[in-house]
Engineer: 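Dumping the structure here so I can ask a few things about it.
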Amino acid sequence: MQTESKSPLELEQCLKCSICTAVCPVMNNTDAYPGPKQCGPDAERYRMKDIRFFDESALKKCLNCKRCEVACPHGVKVAELIQTARRDMSQHGPGLREIMLANTDIMGSLATLVAPIANFATGLQLSKEVLHATVGIDHRRTFPKYAGTKFETWYHRHAAQNQGQFKHQVAYFHGCYVNFNYPKLGQDLVHVMNAFGYGVQLLEKEKCCGVALMANNMYNQAKKQGQVNIDSMRKALQGGVETIVTTSSSCTLNMREDYPTMLGIDQKDVKEHLGLAVRFISRLLDEGNVKLVWKEGFKKHVCYHTACHMARLGWNVYTLNILRQIPGLELDILEQNCCGISGTYGFKKENYELSQKIGSTLFNDIEATNAEAVVTECETCKWQIEMSTSLPVINPISLLAEALDLEATQKANIR
Ligand code: SF4
Ligand code: SF4
């Protein structure tokens, strides 16, 4: 695969300060992981000379949370070094478990056809025990529920015909979670953007962004899917949409940062127009370009969790800018701690206990707030937090949809 290769000069940027080791959630919760400095720049010097220094069992423990990259004062792409080594040097193909967990489009398409049966079956302890024993998916894990109607189906039935009335247009990359598991988030996004005077278009073709495929070493398939997404986004921009909005922090980080470096996809022309809806909305608010009409008497107490990939994007400021403008919202901002699931990582039986141990600080912090809900942009954090605490988790776009008088806001903005 043609990708940007690591230069020895990038390794020379590491000054061995060990700051990255202080923030690594895996290293801080198990002695079995040597940590970012050792698995990243230190070992890379040896791996470049001889593949025998590639230690897959150690590198597989990395969550790819990228907290080490956020912390590194010298800009070393530590997580990328680790993932690149796994991509280029692993001798092992994916097993049945990896194929099942990573092919979200295929699994989602099948499961939504028989959603009640799929949800019933994956909720049964007997099924969980069988999956644990046969493919290695941990029997203590709760599976996300599938929706009976896909978001795309809802959009074409109930929204598509109304979008042309808006002067401004955006395209929406919804991701497989919204499409197959939680269409309500996509519906909220359409309602909020319409209230602000923006029509929402779907991409001509959309595939799973590939983050789970990449985590499970299925890079060729991820590249094909990524190229479809970027080609469709380019076409949408050429067709006149102002921007491409998203609602998932991990999909967004993957498509913006990892497509060129890990998949060799050239998306420079698209990248600047691709971002989370919260960034787009926060900028509209700062520029005074939209009017907001809030629901009278709205009251809610929430706590905000900065997902690791949101921290890597550095975009939690946009969400907080929006949340701070909601009257009646009591907002606690949690200390940034990893929830431990890291996409498919926490589903694997060998990782489950470590995953829960990593998340325990965050779970305790959440319970201590006595909030009604957790707000975050990451769907897998949602699965993990809802499984491990007593609180529901909502995306900031859904919270905005709940707090706004959508009809009055739309009237104010398209007058
Ligand atoms: S990768 Fe960055 S944070 Fe880690 S030891 Fe090197 S310079 Fe320090
Ligand atoms: S990406 Fe996360 S788990 Fe991996 S080395 Fe960096 S901090 Fe540790």
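The model shown is predicted, which means the values in this text are computed figures rather than measured ones. Counting starts at 1 for both ligands and their atoms, in listed order. Numbering of residues begins at 1 and proceeds along the displayed sequence.
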Engineer: Search all heavy atoms of G340 against all heavy atoms of S355 and return the closest pair with its distance.
Structural biologist: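 Shortest heavy-atom contact: O-OG, 2.9 Å.
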
Engineer: Side chain to side chain contact (heavy atoms under 4.5 Å, CB included) with C65: which of C339, P25, S342, C24?
Structural biologist: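 Single pass found, and it is P25.
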
Engineer: Give me the ring orientation class for Y172 and H174: parallel if the planes are under 30° apart, tilted from 30 to 60°, perpendicular past 60°.
Structural biologist: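 Y172 and H174: perpendicular rings.
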
Engineer: Can you label the angle between the F347 ring and the F143 ring as parallel, tilted or perpendicular, going by 30° and 60°?
Structural biologist: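 Geometry flag for F143 against F347: tilted rings.
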
Engineer: In terms of the angle between their ring planes, are W315 and Y318 parallel, tilted or perpendicular, with boundaries placed at 30° and 60°?
Structural biologist: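 Ring orientation, 0 to 90° scale: perpendicular.
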
Engineer: Sort out for me which residue in Q356, H132, E353, Q125 forms a side-chain hydrogen bond (donor to acceptor under 3.5 Å, both in side chains) with R140.
Structural biologist: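 So the option named by the test is E353.
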
Engineer: List-wise, which protein N, O or S atoms are found short of 2.8 Å from atom 8 (Fe) of ligand 1?
Structural biologist: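 Hits for atom 8 (Fe) of ligand 1 below 2.8 Å: C17 SG.
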
Engineer: By side-chain hydrogen bond (donor to acceptor under 3.5 Å, both in side chains), which residues pair with S250, not counting sequence neighbours?
Structural biologist: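 In terms of side-chain hydrogen bond (donor to acceptor under 3.5 Å, both in side chains), with neighbours along the sequence ignored, S250 is linked to H309.
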
Engineer: Which atoms of the protein, restricted to N, O or S, are nearer than 2.8 Å to atom 4 (Fe) of ligand 2?
Structural biologist: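 For atom 4 (Fe) of ligand 2, the protein N, O and S atoms that sit under 2.8 Å away are C62 SG.
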
Engineer: Of all the heavy-atom pairs spanning A58 and C39, show the shortest one and how long it is.
Structural biologist: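 Heavy atoms only, the tightest pair is CB-SG, 4.5 Å.
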
Engineer: Can you sort out the partners of N316 under side-chain contact (heavy atoms from CB on, under 4.5 Å), two or more places apart, ordered by chain and number?
Structural biologist: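 Residues passing side-chain contact (heavy atoms from CB on, under 4.5 Å) with N316: Y304, T306, M310.
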
Engineer: Of all the non-hydrogen atoms in the protein, which one sits nearest to atom 5 (S) of ligand 2, and at what distance?
Structural biologist: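 Nearest protein contact, heavy atoms only, for atom 5 (S) of ligand 2 is Y33 OH, 3.3 Å.
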
Engineer: Which atoms form the tightest heavy-atom contact between L313 and L276, and what is the distance?
Structural biologist: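 Between these two residues, the closest heavy atoms are CD1-CD1, 4.1 Å.
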
